[in-house]
Amino acid sequence: MDNESFLQSVDMNFDRAAGLLGLSDDLAEKIKTANATYIVRFGVRLRGGLQTFTGYRTVHSEHFEPVKGGIRYGPFADQNEVEALAALMTYKCALTEIPFGGAKGALVIDPRKWEIPELEQITRRFTQELAKRGLISPSQNVPAPDMGTGEREMAWMADEYRRLNPTELNAWACVTGKPLGKGGIAGRIEATGRGVQYTLQEFFRHSRDVKKTGLSAGLGGKRVIVQGLGNVGYHATLFLSQDDGCCITHVLERDGAIVDPKGINIAALYEHMIETGSIKGYPGFIDSGPELLEAEADILIPAAMEGVINETNASRIRAPLIIEAANGPVTAAGDAILRNSGVVIIPDFCANAGGVTVSYFEWIKNLTHIRFGRMQRRQQEKQFERLIAGVESMTGKTFPEDDRNTVMSGATEINLVRSGLEDTMRGAYHAISMTWNDKDNVPDLRTAAMMIAVERIAHSYISIGS
Ligand code: NAD
């Protein structure tokens, strides 16, 4: 899919939801259209010459501020792609009740072609360009990692912003997804994949929805295909296989695929990928491309990039359930074909909202300057200890040692982050399922999710009267 049709796909879904909500055309147009897109071009002196880079930052909606959205590094990023992703961020935050507007950014670069010190220099220069225009700031515009970026880039950005604003008390809150020792939060790296897991768990608690897929109850034993073993794909499949008993039969990567009907050891494969830079050489490797998206499976998890399921292959998809871990992996045309053939799709701006959810927690942590759980953890432990002592003296029995340790421990930051994340993902899925099932004329979960998001944004415009 070209990036223009990515934006069209997002807008078509918006139009369908706005129509069902009976939204006036002028308000619909206001919500749908990106408020601003900034294009920055800057030079960095590298490899004996001046290299020019192009960066984008789109602010889609400022109905809440700061606006929030990742920055991706990719060779083919362009304005349409960034605007489509920024719009998805607006709808994602509204759906999950996160008080941010939507934004997104990109730098046109292939990070694999640059050395780490060069990438640092480029990232710092990009940050200066963003800072000059108010496109990075704790109160207005807070980037995060996305494809091709991670903790390292966020640490460089935060550090550069702090240098430019040495007296800014909340400077760390200018980006999220930072390393733990640099203002980050426990559980941010795993957050999007963990959110995919929580969403699937919630899906399987909704028997009406499961029935529509023809799948048996429960996640245990479900055969899973994943495309992309990056941050999101790796964590989602690791947790689904380790905690829920899913069987990951296919991992599709850019240089081939791993196939094992008995289940792939995701941790071992990922280690191999980190060590060698490729999945090649791992048992089960085959030289195959995206046609394996069409293999037989119970759950398909596209977790790499946009537009991979489209009018050319949608009719051959055999998995009855797709969860969009990536942004925009199914085009509007692909979506229509899948809907007609009864495939259930959990849409991207619900399924992958775990990242922005934990980013929200990180931002709060940076503003409050205190680790989650620091005040209450030991007090909770003491309360549980007293409770156990009471139970033991009343029953005359000793609490089993393993249970005692679990019951007694007060909440740590990671416990609280996972709890908040699970609550958010379950709440969002439950809401879209209710709208899908209980309202007339709602054709699928994507439309249901969009209706909830758009209605909330529309209310915020109506209540301020502009
Ligand atoms: P990443 O860069 O960590 O991983 C992407 C993976 O996909 C890499 O392993 C890459 O080799 C693989 N890949 C790329 N092209 C491929 C192809 N054609 N076929 C198969 N595999 C391919 O990126 P990520 O952060 O995991 O993001 C993946 C998707 O999830 C993107 O759409 C992103 O916008 C979305 N997302 C990410 C986050 C987050 O917190 N990182 C949050 C929400 C949504």
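Indexing begins at 1, ligand by ligand and atom by atom, following the structure's order. What you see is a predicted model; the values in this text were computed from it and never measured.
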So for ligand 1, is Lys104 a polar contact partner (N or O within less than 3.5 Å, distance only)?
no
Does Asn327, backbone or side chain, put an N or O under 3.5 Å from an N or O of ligand 1?
yes
Leu229: numbered ligand 1 atoms lying under 4.0 Å from its heavy atoms:
9 (O)
Heavy-atom nearest neighbour in the protein, as seen from atom 33 (C) of ligand 1, with distance rounded to 0.1 Å:
Asp146 OD1, 3.5 Å
Check each of Thr276, Asp260, Ile258 against Tyr282 using the side-chain contact (heavy atoms from CB on, under 4.5 Å) test, and report the only one that passes.
Ile258
If you measure every N/O of Val232 against every N/O of ligand 1, is any gap under 3.5 Å?
yes
Test item: Lys68 side-chain N/O and Pro143 main-chain N/O as donor-acceptor pair under 3.5 Å
yes
Take every heavy atom of Glu81, measure it against each atom of ligand 1, and state whether any distance is under 4.0 Å.
no
Would you kindly specify which portion of Arg188 sits under 4.0 Å from ligand 1, judged on non-hydrogen atoms: side chain, backbone, both or neither?
side chain
Does a donor on one side chain sit under 3.5 Å from an acceptor on the other, for Tyr429 and Asp209?
yes
Hydrogens and angles aside, do Asn415 and Ser419 bring a side-chain donor and acceptor to less than 3.5 Å of each other?
no
Closest non-hydrogen atom pair between Ala448 and Ile432, with its separation
CB-O, 3.5 Å
Can you list the atoms of ligand 1 that are under 4.0 Å from a heavy atom of Arg72?
31 (C), 32 (O), 33 (C), 34 (O)
Which residue and heavy atom of the protein sit nearest atom 9 (O) of ligand 1, plus the separation
Glu253 OE2, 2.5 Å
Heavy atoms only, cut-off 4.0 Å: how does Val308 contact ligand 1, side chain, backbone, both, or neither?
neither
Shortest protein heavy-atom distance from atom 23 (O) of ligand 1, along with the residue and atom involved
Met147 CG, 3.4 Å
Any heavy atom of Glu306 under 4.0 Å from ligand 1? The part involved is neither
How are the rings of Tyr270 and Tyr234 set to each other: parallel, tilted or perpendicular (split at 30° and 60°)?
parallel
Under 3.5 Å, N or O to N or O, is Asn352 touching ligand 1 that way?
no
For atom 2 (O) of ligand 1, what is the closest protein heavy atom, and at what distance to 0.1 Å?
Gly148 N, 3.4 Å
With the threshold set at 4.0 Å, does a side-chain nitrogen-carboxylate oxygen contact exist between Arg418 and Glu422?
no
Side chains of Ser359 and Arg188, donor plus acceptor under 3.5 Å:
yes
Are any side-chain N or O atoms of His235 and backbone N or O atoms of Asn231, one a donor and one an acceptor, separated by less than 3.5 Å?
yes
To atom 28 (C) of ligand 1, the nearest of Ala303, Gly289, Ala325, Gly230 on a heavy-atom basis is Ala303
Among Ala304, Gly233, Gly277, whose heavy atom sits nearest atom 13 (N) of ligand 1?
Ala304
Nearest protein heavy-atom contact for atom 39 (C) of ligand 1: which residue, which atom, what distance?
Thr192 OG1, 3.5 Å
Taking distance alone, with no angle check, do Lys92 and ligand 1 share an N/O pair under 3.5 Å?
no
Separation between OG1 (Thr357) and NZ (Lys92), nearest 0.5 Å, reads 9.0 Å
Would you say CD1 of Ile189 has more than 12 non-hydrogen atoms from neighbouring residues, nucleotides or ligands within 6.0 angstrom?
no
When you measure from atom 3 (O) of ligand 1 to every protein heavy atom, which one gives the shortest distance, and what is it?
Asn231 N, 3.0 Å
More than 12 heavy atoms of other residues, nucleotides or ligands under 6.0 Å from NZ of Lys182: is that the case?
no
At a non-hydrogen distance cut-off of under 4.0 Å, which region of Gln227 contacts ligand 1 (side chain, backbone, both, or neither)?
side chain
Measure the distance from atom 15 (N) of ligand 1 to every protein heavy atom, then report the residue, atom name and distance (to 0.1 Å) of the closest one.
Met305 SD, 3.7 Å
Is the distance between the ring centroids of Tyr73 and Trp114 less than 6.0 Å?
no
